[in-house]
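Being a predicted model, the structure only gives us computed values, none of them experimental. In what follows, every heavy atom counts, from backbone to side chain, and hydrogens, waters and symmetry copies are set aside.
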Amino acid sequence: MSETAQVSSLPLPPMQYVTLFSEENVKRGRTPRPPPPITDNYSMFGNPYNTDDAVIRPLESQNIRRLYPNNYDHRRELKKLNHSITASFLDLVDICIRNPESEARATKIDDLTLLFIHMHHLVNEFRPHQARETLRVMLEQQKRQRLEIAERFRRHFDKAWELVQQAVSTIPEPTESNIKLLIDVERVQPSEGNLNNQTSGSGCAEEDRVLCQIIDLL
């Protein structure tokens with residue numbers, strides 16, 4: 001029995017293009033440059049487009065008959081389209097029950113298709129507004145996060161400042177008794193030069209001389 005071959009639902013990456021972006025080529029700057037921006041016509045999903053076209057093309061440019069006037073209210077027209085789609089669907093069901101082979105069935109399907117295209121077009125006209133609202137919400141969220149971070153930083157700063165003030169307040173003030181406790185180091189530990197002068201002048205200390213005499217008498 002032959003093993004079942006696993007086929008990916010996605011196409012394989014273009015290896016002749018992927019190998020050009022190796023680590024060595026990236027370090028040496030040998031990777032291919034990005035393609036230049038499109039300034040003319042292009043094709044996407046088999047449909048021709050132009051860079052000067054509007055983001056949402058009018059229905060007339062797509063050879064679609066407009067069912068609503070040029071000046072309209074989106075909410076009102078969407079409600080009307082919704083009612084028309086419901087009525088047309090019921091008519092299509094009735095036609096399919098009475099005479100499925102009738103030509104009216106294909107006509108009603110075309111009417112439904114046209115209605116759905118108009119509804120889809122009206123919904124797409126809200127895309128720029130949706131993009132602006134999404135950007136506004138993102139900016140408000142970033143602003144709120146930064147304000148919260150600034151507020152937390154201010155609270156930590158106030159707490160640190162309070163701790164520093166408490167530590168400073170616990171430091172005792174300098175008094176006369178504290179000043180007397182300060183000992184001059186030079187008085188307790190004579191300098192190396194004075195010690196050498198004392199030992200070199202007499203040769204040895206008086207106590208050492210007396211001890212040497214006692215040992216000699218013994």
Checklist entry - Mind checking who shares a hydrophobic cluster with Leu139, ILVMFWY linked at side-chain heavy-atom distances under 4.5 Å? => result Leu135
Item to check | Residues in side chain to side chain contact (heavy atoms under 4.5 Å, CB included) contact with Ala131, at least two apart in sequence or another chain | outcome: none
Indicate every side-chain donor-acceptor pair of residues 77-89 with a distance under 3.5 Å to a residue at least two apart or in another chain.
unit_1 : atom_1 : unit_2 : atom_2 : d
Ser84  : OG     : Lys80  : O      : 2.9
Thr86  : OG1    : Asn82  : O      : 2.9
Ser88  : OG     : Ser84  : O      : 2.9

Item to check | With sequence neighbours excluded, residues passing side chain to side chain contact (heavy atoms under 4.5 Å, CB included) with Leu67 | outcome: Arg65, Leu114, Leu115, His118
Only pairs under 3.5 Å count here: list side-chain donor-acceptor contacts from residues 105-112, not counting sequence neighbours, and write none if there are none.
unit_1 : atom_1 : unit_2 : atom_2 : d
Arg105 : NE     : Pro100 : O      : 2.8
Thr107 : OG1    : Glu103 : O      : 3.2

Checklist entry - What heavy-atom pair brings Asn50 and Asp52 nearest, and what distance separates the two atoms? => result OD1-N, 2.9 Å
Checklist entry - Under the side chain to side chain contact (heavy atoms under 4.5 Å, CB included) criterion, do Lys143 and Arg146 qualify, and how do the steps go? => result CA-CA 5 Å; Lys143 178 183 177 181; Arg146 293 179 181 179; 5.9 Å; no
Checklist entry - Between CZ of Arg127 and OG1 of Thr134, what distance do you get to the nearest 0.5 Å? => result 10.0 Å
Next on the checklist: If I take atom CD1 from residue Ile117 and atom CG from residue Leu59, how far apart are they, to the nearest 0.5 angstrom?
Outcome noted: 8.5 Å
Item to check | Leu147 and Glu151: CA distance, side-chain angles, deciding distance, side chain to side chain contact (heavy atoms under 4.5 Å, CB included) verdict | outcome: CA-CA 6 Å; Leu147 290 176; Glu151 181 63 22; over 6 Å; no
Next on the checklist: Once ring-ring contact (aromatic ring centres under 6.0 Å, His included) is applied, do any residues pair with Tyr42, and if so which ones, sequence neighbours excluded?
Outcome noted: Tyr49
Item to check | salt_bridge(Arg136, Glu133) N-O dist < 4.0 Å | outcome: yes
Item to check | ILVMFWY clustering at 4.5 Å (side-chain atoms), partners of Val26 | outcome: none
Item to check | Note, Glu162 side chain near Asp158 side chain (heavy atom, < 4.5 Å) | outcome: no
Checklist entry - Is the CE atom of Met44 crowded by more than 12 outside heavy atoms at less than 6.0 Å? => result yes
Checklist entry - Step by step, would you call Cys96 with Val93 a side chain to side chain contact (heavy atoms under 4.5 Å, CB included)? => result CA-CA 5 Å; Cys96 291; Val93 172; 5.7 Å; no
Checklist entry - Does Asn99 offer a backbone N or O that forms a donor-acceptor pair with the side chain of Ser102 under 3.5 Å? => result no
Checklist entry - Of all residues at least two apart in sequence or in a different chain, which pass the ring-ring contact (aromatic ring centres under 6.0 Å, His included) check with His74? => result Tyr72, Phe126
Item to check | Qualifying residues under side chain to side chain contact (heavy atoms under 4.5 Å, CB included), relative to Pro35, sequence neighbours excluded | outcome: none
Item to check | Qualifying residues under side chain to side chain contact (heavy atoms under 4.5 Å, CB included), relative to Gln141, sequence neighbours excluded | outcome: Arg144, Gln145
Checklist entry - In Å, rounded to the nearest 0.5 Å, how long is the span from CD of Glu101 to CD1 of Ile95? => result 13.0 Å
Next on the checklist: Does anything in residues 128-160 form a ring pair (Phe, Tyr, Trp, His ring centres under 6.0 Å)? List the pairs, not counting sequence neighbours.
Outcome noted: none
Item to check | Check against side chain to side chain contact (heavy atoms under 4.5 Å, CB included), His121 and Val123 | outcome: CA-CA 5 Å; His121 180 76; Val123 172; over 6 Å; no
Next on the checklist: Assess whether a salt bridge exists between Glu24 and Arg28, defined as any Lys/Arg side-chain N lying under 4.0 Å from an Asp/Glu carboxylate O.
Outcome noted: yes
Item to check | Hydrophobic cluster identity match, Phe45 and Ile64, side-chain contacts under 4.5 Å | outcome: no
Checklist entry - Going by side-chain heavy atoms closer than 4.5 Å, which hydrophobic residues are tied to Phe21, directly or by a chain of links? => result Tyr17, Leu20
